[in-house]
Amino acid sequence: VCVAGEANAWPYREPTDHPDELVHWLAYRPSTGERFEAVIAPRRPLAPGTTMHTRLSADDLARGLSESEFHAAWRAFSRDDDVLCSWGHYAPMLLGAMDGALPRTRVDLRHAITAFSRKKPGTVEAYCEREAVAMGPAMGQGRGGERLARCVAITRHLIDAADAWEPRARAAFASRAT
């Protein structure tokens, strides 16, 4: 299950008693095409840059689900055997911080790319551009919808790369083994 999340987050340079909180959670299950999207009403004061970064209006955020409504909806979507794929650990960490149901198995696509290519991928946008990973249409509202589409495209890209690499690796190994 590919996921993306957006936060109500105050600038780090401005000390505050308001920790980052999840306000937009999106998911896509490639095996079935199922989608999940929830805007969660902020539980803390809205940070000045939240609407700009999330590309959701203050009204959209205020009309979001309560924390308990979100948890119920997410539990109905998620499965015990899901493998969560995300760009980095921040979005899953936000879900975990609000006691959200996180699958046991998680894949950080940035880490997988670094391990596979031995290069740091940079931002999700930069990686897609540099590697010519074709992103489909946004898979939800705001920046989260675009980031989920990139996460799905990168996941498919990595699967295709692994499928292409595996036969060559096997052939190379077989030629050395004889």
Side-chain angles (χ1 to χ4, degrees), residues 1-112 123-125 127-128 135-156 158:
V1 174
C2 297
V3 299
E6 295 291 334
N8 176 28
W10 287 80
Y12 294 118
R13 67 182 179 280
E14 296 177 23
T16 179
D17 292 332
H18 307 299
D20 297 358
E21 64 178 340
L22 185 66
V23 294
H24 193 199
W25 185 252
L26 306 97
Y28 175 74
R29 185 173 285 115
S31 63
T32 64
E34 293 170 88
R35 290 186 191 189
F36 178 89
E37 180 173 11
V39 174
I40 305 124
R43 281 84 58 213
R44 299 177 183 96
L46 198 60
T50 298
T51 58
M52 179 190 69
H53 289 294
T54 64
R55 288 190 243 138
L56 299 172
S57 73
D59 287 342
D60 288 339
L61 291 166
R63 285 192 303 268
L65 299 176
S66 70
E67 195 170 334
S68 61
E69 290 169 327
F70 166 72
H71 286 306
W74 177 244
R75 277 192 302 275
F77 178 84
S78 62
R79 300 177 185 160
D80 291 339
D81 62 346
D82 282 342
V83 174
L84 201 78
C85 295
S86 63
W87 186 262
H89 65 275
Y90 183 66
M93 185 237 8
L94 289 171
L95 180 62
M98 64 185 289
D99 297 325
L102 276 171
R104 181 169 301 196
T105 307
R106 288 173 251 163
V107 175
D108 178 341
L109 295 171
R110 284 189 321 193
H111 181 74
T123 67
V124 66
E125 295 84 2
Y127 180 79
C128 285
M135 177 185 106
M139 300 182 86
Q141 302 175 72
R143 184 174 75 164
E146 291 176 7
R147 287 190 162 195
L148 179 60
R150 283 187 174 94
C151 182
V152 169
I154 289 168
T155 300
R156 289 181 174 144
L158 291 176

* Under 6.0 Å from the CG atom of D80, do we count more than 12 heavy atoms belonging to anything else shown? -> no
* Are R29 and F77 in a cation-pi setup, meaning NZ or CZ lies under 6.0 angstrom from the ring centre and within 45 degrees of the ring axis? -> yes
List, one per line, each side-chain donor-acceptor pair under 3.5 Å for residues 40-48, sequence neighbours excluded.
unit_1, atom_1, unit_2, atom_2, d
R43, NE, E21, OE1, 3.4
R43, NH1, L22, O, 3.1
R43, NH1, A41, O, 3.0
R43, NH2, L22, O, 3.2
R44, NH1, E21, OE1, 3.3

* Has the side chain of D108 got a donor or acceptor atom that lies under 3.5 Å from a matching backbone atom of R110? -> yes
* Any chance you could lay out the salt bridge (Lys or Arg N to Asp or Glu O under 4.0 Å) test for E34 and R79, step after step, and finish with the verdict? => CA-CA 12 Å; E34 293 170 88; R79 300 177 185 160; 2.9 Å; yes
* Asked: Does any N or O in the side chain of H24 come within less than 3.5 Å of the main-chain N or O of N8, such that one atom is a donor and the other an acceptor?
  -> no
* Asked: From S78 OG over to R75 CZ, what is the distance, rounded to the nearest 0.5 angstrom?
  -> 8.5 Å
* Asked: Going by the angle between their ring planes, with limits at 30° and 60°, are W74 and F36 parallel, tilted or perpendicular?
  -> perpendicular
* Please report the shortest heavy-atom distance between V1 and A27, naming the atom on each side. => CG1-CB, 3.8 Å
* So which heavy atom on G144 is nearest to which on A4, and how close? -> O-CB, 3.8 Å
* To do: Measure across A7 and T50 and return the closest heavy-atom pair with its distance rounded to 0.1 Å.
  => O-CG2, 3.8 Å
* Asked: Which atom pair, heavy atoms only, marks the closest approach of E37 to G140?
  -> OE1-CA, 3.4 Å
* **Donor-acceptor under 3.5 Å (R143 side chain, H53 main chain)** => yes
* To do: Using the salt bridge (Lys or Arg N to Asp or Glu O under 4.0 Å) rule, take E6 and R55 through it: C-alpha gap first, then chi angles, then the decisive distance, then the call.
  => CA-CA 10 Å; E6 295 291 334; R55 288 190 243 138; over 6 Å; no
* Do E146 and M139 come within less than 4.5 Å of each other through their side chains, counting heavy atoms only? -> no
* To do: Could you pull out all residues at least two apart from Y28 that satisfy ring-ring contact (aromatic ring centres under 6.0 Å, His included)?
  => none
* **Expected output: side-chain E69 to main-chain S66 donor-acceptor under 3.5 Å** => yes
* To do: Please assess L109 against L158 for the test side-chain contact (heavy atoms from CB on, under 4.5 Å), listing each intermediate value before the final yes or no.
  => CA-CA 9 Å; L109 295 171; L158 291 176; 3.9 Å; yes
Can you give the donor-acceptor pairs under 3.5 Å from side chains of residues 85-97 to other protein atoms, not counting sequence neighbours?
unit_1, atom_1, unit_2, atom_2, d
S86, OG, G88, O, 2.6
Y90, OH, D20, OD2, 2.6

* **R150 vs C128, side-chain contact (heavy atoms from CB on, under 4.5 Å): CA-CA, chis, key distance, verdict** => CA-CA 7 Å; R150 283 187 174 94; C128 285; 3.9 Å; yes
* Within a strict 4.5 Å, meaning less than it, do heavy atoms of the I154 and V124 side chains meet? -> yes
* **L61 side chain near V39 side chain, heavy-atom distance below 4.5 Å** => yes
* Residue pair C2 / L148, side-chain heavy-atom distance below 4.5 Å -> yes
* To do: Given side-chain contact (heavy atoms from CB on, under 4.5 Å), test T51 with L56 step by step and report yes or no.
  => CA-CA 5 Å; T51 58; L56 299 172; over 6 Å; no
* Asked: Can F70 and M98 be said to form a side-chain contact (heavy atoms from CB on, under 4.5 Å), step by step?
  -> CA-CA 10 Å; F70 166 72; M98 64 185 289; 3.7 Å; yes
